[in-house]
Number of protein chains: 2
Amino acid sequence: MNVQPCVFIVDDDEAVRDGLEMVMETVGLACQTFGNAERFLEDYQPGTPGCLVLDINMPGMNGDELQTELIRQNIRLPIIFLTSYGDIPMSVRTIKAGAVDFLTKPVQISQLIECIQAELQRIAQLQEQNKGDEDFRKRLNSLTPREMEILPLTIKGIPNKEIAQKLGISFRTVELHRTNILRKTGAANFLELAGQCEAIRFSIETKHENT
Amino acid sequence: MNVQPCVFIVDDDEAVRDGLEMVMETVGLACQTFGNAERFLEDYQPGTPGCLVLDINMPGMNGDELQTELIRQNIRLPIIFLTSYGDIPMSVRTIKAGAVDFLTKPVQISQLIECIQAELQRIAQLQEQNKGDEDFRKRLNSLTPREMEILPLTIKGIPNKEIAQKLGISFRTVELHRTNILRKTGAANFLELAGQCEAIRFSIETKHENT
DNA sequence: AATTAACTACGTGTTAACACGTAAGAGCTT
DNA sequence: AAGCTCTTACGTGTTAACACGTAGTTAATT
């Protein structure tokens with residue numbers, strides 16, 4: 001299930017691509033190179049772990065625009081900009097948009113490597129954290145629609161009687177659903193469950209109240 | 001209770017200070033100027049709303065260091081850097097450290113004003129959001145040390161008996177503390193309280209378990 | 001047609017939570 | 001010394017939560 005993280009290099013200069021590819025091999029990092037932003041967008045499988053070393057000035061879509069497109073597609077691949085023709089406003093804009101770093105050519109290879117490795121390490125940590133959440137998400141998905149409806153109300157601290165009234169069913173039925181929710185999620189009680197839901201940023205949308 | 005937000009200008013160049021001060025007056029923004037970072041640190045009252053327009057190159061403590069010091073003191077005043085001698089690594093570093101923008105002299109006044117006003121508006125919105133939380137925070141602060149200790153355990157869903165065992169006291173006493181916590185916070189139950197604590201990002205630090 | 005899953009409802013019993021009391025010792029302030 | 005807060009502990013009672021059953025209807029699936 002765990003995929004080896006990969007360094008994606010997007011630069012229109014073949015010499016740069018080859019040079020960086022060699023460096024990555026040397027330090028033992030998996031690496032893929034692309035001659036332009038479009039090719040990368042086509043080939044990249046969302047979810048693949050790694051980081052993106054991105055040039056700015058390229059024919060066709062430039063690095064700036066690629067970043068924007070990735071954000072639009074909600075692809076949160078960490079980006080390290082690496083460019084010859086950068087300026088301060090550009091660096092400010094890209095960093096504020098979430099880029100990890102903004103390096104200028106000629107770059108100190110050691111600096112780039114350090115930056116990449118720090119980022120890959122950070123990703124590994126995130127993946128580790130999310131591992132435990134996977135099971136929980138699965139268990140959440142095993143809930144029936146009705147249970148999913150009751151869960152947020154319960155977590156908000158609304159007592160069974162009120163939930164029953166709001167849904168127009170018996171409070172005993174609500175009780176049953178709650179029991180099933182606890183059984184399915186494996187939580188000991190709803191406080192614990194609420195904590196887990198918060199931990200995975202499980203957004204709880206409650207329908208607008210009529211009462 | 002609501003204080004007028006203020007633009008703090010820190011620059012060693014008197015001409016710049018005077019010029020900016022005049023501009024601020026023109027657009028109707030309250031403004032305070034400082035000739036060096038040390039003076040600002042002395043005078044600034046933590047909590048005062050506003051934003052900081054900060055030069056980098058100054059005798060004594062420079063802008064970079066002032067930012068670091070403010071972060072160290074947990075003062076989250078938004079910073080707009082404004083400098084003649086900036087470079088890309090510096091802009092990257094400061095932005096990553098949380099600065100709002102990094103502008104270079106000579107600056108387009110319209111750009112600076114726009115940036116400041118956007119920031120002040122953002123602050124105003126934050127203050128509006130935090131208003132409702134103020135009461136809750138006050139009520140949280142009215143809790144005794146022991147209650148503060150029990151609160152996070154309870155919110156995690158740990159039953160009274162276990163809490164009692166962990167603290168080496170009777171579970172009835174834990175029950176009493178819980179009741180008092182609910183009474184003081186005004187919450188109907190701990191699920192509701194947990195939600196409120198999350199809403200204000202009330203960090204719950206639990207001591208490392210021994211059992 | 002039979003099976004399965006989901007939603008509904010109710011009964012019974014146990015445990016946990018919560019409200020309302022009393023009371024006593026420690027520590028601090030006035 | 002008196003008053004105050006915090007912490008501790010217990011008793012009593014009510015309510016809510018939870019576990020374990022049975023059982024009917026509906027809808028989709030096989």
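Chain identifiers are assigned alphabetically (A, B, ...) following the order of the sequence lines, protein sequences preceding nucleic acid strands; residue numbering begins at 1 within each chain. Every value quoted in this text rests on a predicted model; they were computed, and no experiment measured them. The figures here come from the full heavy-atom set of this structure, side chains too, leaving out hydrogens, waters and symmetry mates.
Side-chain atoms of H177(B) lie closest to dT8(D) of the nucleotides dT8(C), dT8(D), dT7(D).
What you find for P78(A) and I123(A) is that their closest heavy atoms are CG-CD1, 3.5 Å. Smallest separation of non-hydrogen atoms from K161(A) and F171(A): CA-CB, 4.2 Å.
Rounded to whole Å, atom P of dC18(C) lies 11 Å from atom CD of E192(B). Atom pair L143(B):CG and dC6(D):C1' shows a separation of 13 Å (rounding to whole Å applied). The CG atom of N141(A) sits 17 Å away from the C1' atom of dA6(C) (whole-angstrom rounding). Atom CZ in F190(A) sits about 14 Å away from atom P in dA17(C), given to the nearest Å. Here the C1' atom of nucleotide dC7(C) and the CG atom of L167(A) are 12 Å apart, to the nearest Å. If you measure from atom CG of N180(A) to atom P of dT8(C), you get 12 Å, rounded to the nearest angstrom. Taking atom CD1 of I150(A) as the reference point, atom C1' of dA17(D) lies 14 Å away to the nearest angstrom. Atom CD1 in I155(B) sits roughly 14 Å away from atom P in dA17(C) (whole-Å rounding).
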Quick one: which protein N/O atoms are closer than 3.5 Å to N/O atoms of nucleotides 27-30 of chain C? Pair and distance per line, please.
none

Nucleotide N/O of nucleotides 9-11 of chain D paired with protein N/O under 3.5 Å:
from, atom 1, to, atom 2, distance (Å)
dA9(D), OP2, S170(B), N, 2.5
dA9(D), OP2, T173(B), OG1, 3.2
dC10(D), OP2, S170(B), OG, 3.1
dG11(D), N7, R172(B), NH2, 3.1

Protein-nucleotides 14-16 of chain C N/O pairs under 3.5 Å:
from, atom 1, to, atom 2, distance (Å)
dA16(C), OP2, K161(B), NZ, 3.1

Which atom pairs link the protein and nucleotides 24-30 of chain D when you take only N or O atoms and keep those under 3.5 Å?
none

For this session: Could you check Q117(A) against Q121(A) for side-chain hydrogen bond (donor to acceptor under 3.5 Å, both in side chains), going step by step and ending with a plain yes or no?
Result: CA-CA 6 Å; Q117(A) 286 184 327; Q121(A) 193 175 341; over 6 Å; no

For this session: Carefully, step by step, assess N141(B) and R139(B) under the rule side-chain hydrogen bond (donor to acceptor under 3.5 Å, both in side chains).
Result: CA-CA 5 Å; N141(B) 285 334; R139(B) 277 174 284 176; over 6 Å; no

Problem set entry | Candidate pair E192(A) and Q196(A), rule side-chain hydrogen bond (donor to acceptor under 3.5 Å, both in side chains), full reasoning | CA-CA 6 Å; E192(A) 188 182 309; Q196(A) 288 175 310; 4.7 Å; no

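Geometrically, R178(A) engages F190(A) in a cation-pi contact defined by less than 6.0 Å to the ring centre and at most 45° from the axis.
Proximity of T179(B) to the phosphate of dC20(C): no side-chain N or O atom is located under 4.0 Å from OP1 or OP2.
For the pair E147(B) (side chain) and T144(B) (backbone), a donor-acceptor distance under 3.5 Å is present. Between the E65(B) side chain and the N62(B) main chain, a donor and an acceptor come within less than 3.5 Å of each other. Judged by distance alone, with hydrogens and angles left aside, the side-chain atoms of K96(B) form a donor-acceptor pair with the main-chain N or O of V100(A) at under 3.5 Å. Looking only at distances, no side-chain donor or acceptor of T173(A) sits under 3.5 Å from a matching main-chain atom of I169(A).
Applying the side-chain hydrogen bond (donor to acceptor under 3.5 Å, both in side chains) definition to pairs two or more places apart or across chains, none involves residues 36-46 of chain B.
Atoms CG and CG, from D11(B) and D55(B) in turn, are 4.0 Å apart once rounded to the nearest 0.5 Å. To the nearest 0.5 Å, atoms CD1 (I80(B)) and CG (L52(B)) are separated by 8.5 Å.
By the side-chain hydrogen bond (donor to acceptor under 3.5 Å, both in side chains) test, N180(B) pairs with R183(B), sequence neighbours left out.
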